[in-house]
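Order of the sequence lines sets the chain letters (A, B, ...), proteins ahead of strands, with each chain counted from 1.
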Number of protein chains: 2
Amino acid sequence: MRVTIRDVARAAGVSVSTASRALTGARPVGEQIAVRVRDAATALGYRQNRVASALRTQRTDTIGMVVPQISNPFYPVLVEAIERCLGDDNRQLLLCDAQRDATVESSRIHALADRQVDGLIVAPVSTVASAAALTAIAGEVPVVQVDRSVADTALDWVGVDDVAGLRLLTEHLAEVGARTAVLVGTVSESSAGRTRLAEFGPAAARHGLSTAEPLLGAYGVEWGVRAVDQLRARGALPDAIVCVNDEIALGVLQGLRAAGISVPGEVVVTGFDDNGFAALADPPLTTVRQPHQQIAAECLRLLDRPRGGPTRRIALAPSLIVRASTTLR
Amino acid sequence: MRVTIRDVARAAGVSVSTASRALTGARPVGEQIAVRVRDAATALGYRQNRVASALRTQRTDTIGMVVPQISNPFYPVLVEAIERCLGDDNRQLLLCDAQRDATVESSRIHALADRQVDGLIVAPVSTVASAAALTAIAGEVPVVQVDRSVADTALDWVGVDDVAGLRLLTEHLAEVGARTAVLVGTVSESSAGRTRLAEFGPAAARHGLSTAEPLLGAYGVEWGVRAVDQLRARGALPDAIVCVNDEIALGVLQGLRAAGISVPGEVVVTGFDDNGFAALADPPLTTVRQPHQQIAAECLRLLDRPRGGPTRRIALAPSLIVRASTTLR
DNA sequence: TTGTAAGCGTTATCAA
DNA sequence: TTGATAACGCTTACAA
């Protein structure tokens with residue numbers, strides 16, 4: 001059998017409650033006794049049963065997280081950042097993958113709630129289909145949305161400031177001499193994609209860039225490759241191709257290379273996220289880096305704050321990473 | 001208050017135990033009653049408190065996993081595969097990041113064990129420094145090592161068959177006409193790196209490739225870039241550069257490009273893992289794809305099997321993915 | 001088949 | 001300050 005607090009109490013010659021108090025420090029305990037209990041605990045190799053403790057205290061020291069797809073390289077970095085914050089505090093992360101499916105997502109959200117997580121961090125699969133499960137569960141456990149968010153709901157959200165990101169990008173594009181730009185985005189239900197789509201036009205206009213109709217497709221590299229074909233079919237290329245994320249941009253770069261179009265010579269290309277491979281692309285990709293560590297810290301801060309405050313939407317400032325895909329012409 | 005099984009029992013007009021039995025199906029229960037209980041449960045929106053259940057049954061339906069660094073793109077894919085297997089079974093994954101530090105790793109392993117996970121999947125940070133914590137915990141909870149493994153211990157392991165991988169690579173290199181090859185590896189304590197280093201020479205010899213002294217450095221893209229400098233300093237380039245993983249290979253490609261050396265024209269390059277960006281490199285990278293889904297399934301199979309069997313080391317066959325970095329000369 | 005009651009390992013309440 | 005005792009919500013002997 002595993003050694004329980006009863007064994008420790010017996011070895012230290014005190015009651016179970018005293019042992020518990022000495023170990024958790026919940027209430028004051030005699031100097032001598034405290035030492036005796038702690039010694040007994042280490043001698044026996046006692047480690048608290050967190051399940052039993054959780055049942056009693058209603059705290060698991062565990063945060064649940066649901067991501068749309070962990071193999072999307074944006075999320076591992078975010079998970080790492082959150083894990084780092086939690087680790088400092090001796091809490092753990094229960095991670096789930098929604099397989100880009102709102103039904104799976106809902107089941108994962110409930111599974112986590114049933115495990116009594118202290119809080120839930122969710123990057124919703126869909127602005128629409130994710131809403132029901134998310135708002136329902138928010139009545140039971142603190143919820144914060146990250147990166148993406150569902151529509152029409154009073155749930156906290158933390159993410160990057162897309163408006164600022166697009167401003168940085170369009171400003172930079174204007175500086176390197178671009179006059180025309182086109183956006184390559186997604187038709188997906190993800191909110192980040194939507195915001196970037198909505199903000200692109202105004203941001204471009206503000207910096208004197210004229211824009212053509214955006215190209216919208218599915219999330220992923222393949223779409224980027226195909227977008228190049230669609231763009232070429234339109235006739236003359238724009239000066240700049242702005243992609244809503246790095247993966248699409250990597251596809252665009254590949255498509256342009258296949259078509260023998262030089263970057264940044266004939267057209268400049270930008271991404272969004274700085275996903276770790278942007279720097280390795282050929283040419284290295286100019287992109288907007290998300291403040292992962294800040295995003296992580298804000299998520300936890302919101303979860304830990306006392307309930308009942310006003311809904312918060314926290315957009316954190318990104319930074320522009322200039323690389324060769326827009327320079328060295 | 002949340003609705004408990006007592007509420008369901010009361011609503012259905014039965015005892016708590018009957019309600020429990022009707023819900024879990026642990027023991028037979030009257031036809032009528034079963035229906036009444038289930039109806040009451042759904043009517044009240046009852047969901048089991050898994051913490052309480054776990055305390056009683058000693059099963060959490062939760063698997064713990066510790067990876068050296070989740071932002072290493074090999075792991076998210078593996079995590080995804082494991083998550084998919086678990087999800088089918090209504091189990092969850094408690095994921096921890098060891099921050100490439102054996103001390104952090106040890107603390108995470110204990111945190112997971114304290115949460116009474118049903119099993120532990122660990123990709124050890126170090127062949128040496130990870131051994132103590134891992135063997136110690138294996139006495140409490142089923143443990144399986146994945147990808148990497150510690151030295152001198154009788155713990156199950158599941159991973160890719162490195163010997164087969166190197167055979168595929170060297171065979172292919174011989175076929176495309178390479179006569180000389182050099183390995184770019186790591187001095188790291190990771191077992192995968194070690195095995196690939198040890199197996200490279202024999203595998204190459206078997207296919208008539210002559211090899212020079214391997215280049216060993218730190219894990220990561222940067223090392224690949226620098227390895228190119230070191231290689232050029234040696235004088236004539238080999239026909240083939242074999243990298244122990246894709247990230248190093250991406251660095252090598254970048255270094256070669258910077259030096260104006262054409263791939264595959266002047267030298268061919270291979271990676272290992274097929275990490276999702278290998279296909280996007282310029283040129284697309286020939287590599288060895290790990291059988292993630294199989295590896296995931298085997299890990300869970302080993303964890304779920306009755307205790308006390310012999311130690312197993314399961315090496316699963318990888319597949320060769322041929323791309324332009326070794327062809328189209 | 002059903003109900004009663006004990007107990008999983010903790011922590012919180014209440015007296016002493 | 002300390003100890004006995006009752007929960008936390010569930011499952012499982014044991015009895016009926």
message = Please confirm whether the shortest side-chain N or O distance from B:Q48 to OP1 or OP2 of D:dT11 is below 4.0 Å.
response = yes
remark   = Closest of C:dT11, C:dG9, D:dA4 to the A:S15 side chain is D:dA4
[X] [atom1] to [N] [atom2]: how many Å, rounded?
X     : N      : atom1 : atom2 : result
B:Q58 : C:dG7  : CD    : P     : 15 Å
A:I33 : D:dG3  : CD1   : P     : 6 Å
A:D61 : C:dT10 : CG    : P     : 15 Å
A:R2  : C:dT10 : CZ    : C1'   : 13 Å
A:R6  : C:dT11 : CZ    : C1'   : 14 Å
A:I5  : C:dA12 : CD1   : P     : 11 Å
A:L23 : C:dG9  : CG    : C1'   : 13 Å
B:N49 : D:dA7  : CG    : C1'   : 14 Å

Salt bridge or not between [X] and [Y]? Use side-chain N to carboxylate O under 4.0 Å.
X      : Y      : value
A:R47  : B:E140 : yes
B:E105 : B:R108 : no
B:R84  : A:D97  : no

message = Looking at B:R21 and C:dG3, is any side-chain donor or acceptor paired with a base atom of the opposite kind under 3.5 Å?
response = yes
ask   = Has the side chain of B:R56 got a donor or acceptor atom sitting under 3.5 Å from an opposite partner on the base of D:dT11?
value = yes
ask   = For atom CZ of B:R313, is the number of surrounding heavy atoms from other residues, nucleotides or ligands below 6.0 Å larger than 12?
value = yes
ask   = Checking all strands, does B:V14 fall into the base, sugar-phosphate, or nothing category for heavy-atom contacts under 4.0 angstrom?
value = sugar-phosphate
ask   = How do B:A34 and A:S20 order along DNA chain C: which one's closest nucleotide is nearer the 5' end?
value = B:A34
message = Between B:S17 and A:L55, which residue's closest nucleotide on DNA chain C lies nearer the 5′ terminus?
response = B:S17
message = Can you work out whether A:E31 or B:T18 has the more 5'-proximal nearest nucleotide on DNA chain D?
response = A:E31
query = Going through the distances and angles, do A:V158 and A:D156 end up as a side chain to side chain contact (heavy atoms under 4.5 Å, CB included)?
reply = CA-CA 7 Å; A:V158 179; A:D156 293 340; over 6 Å; no
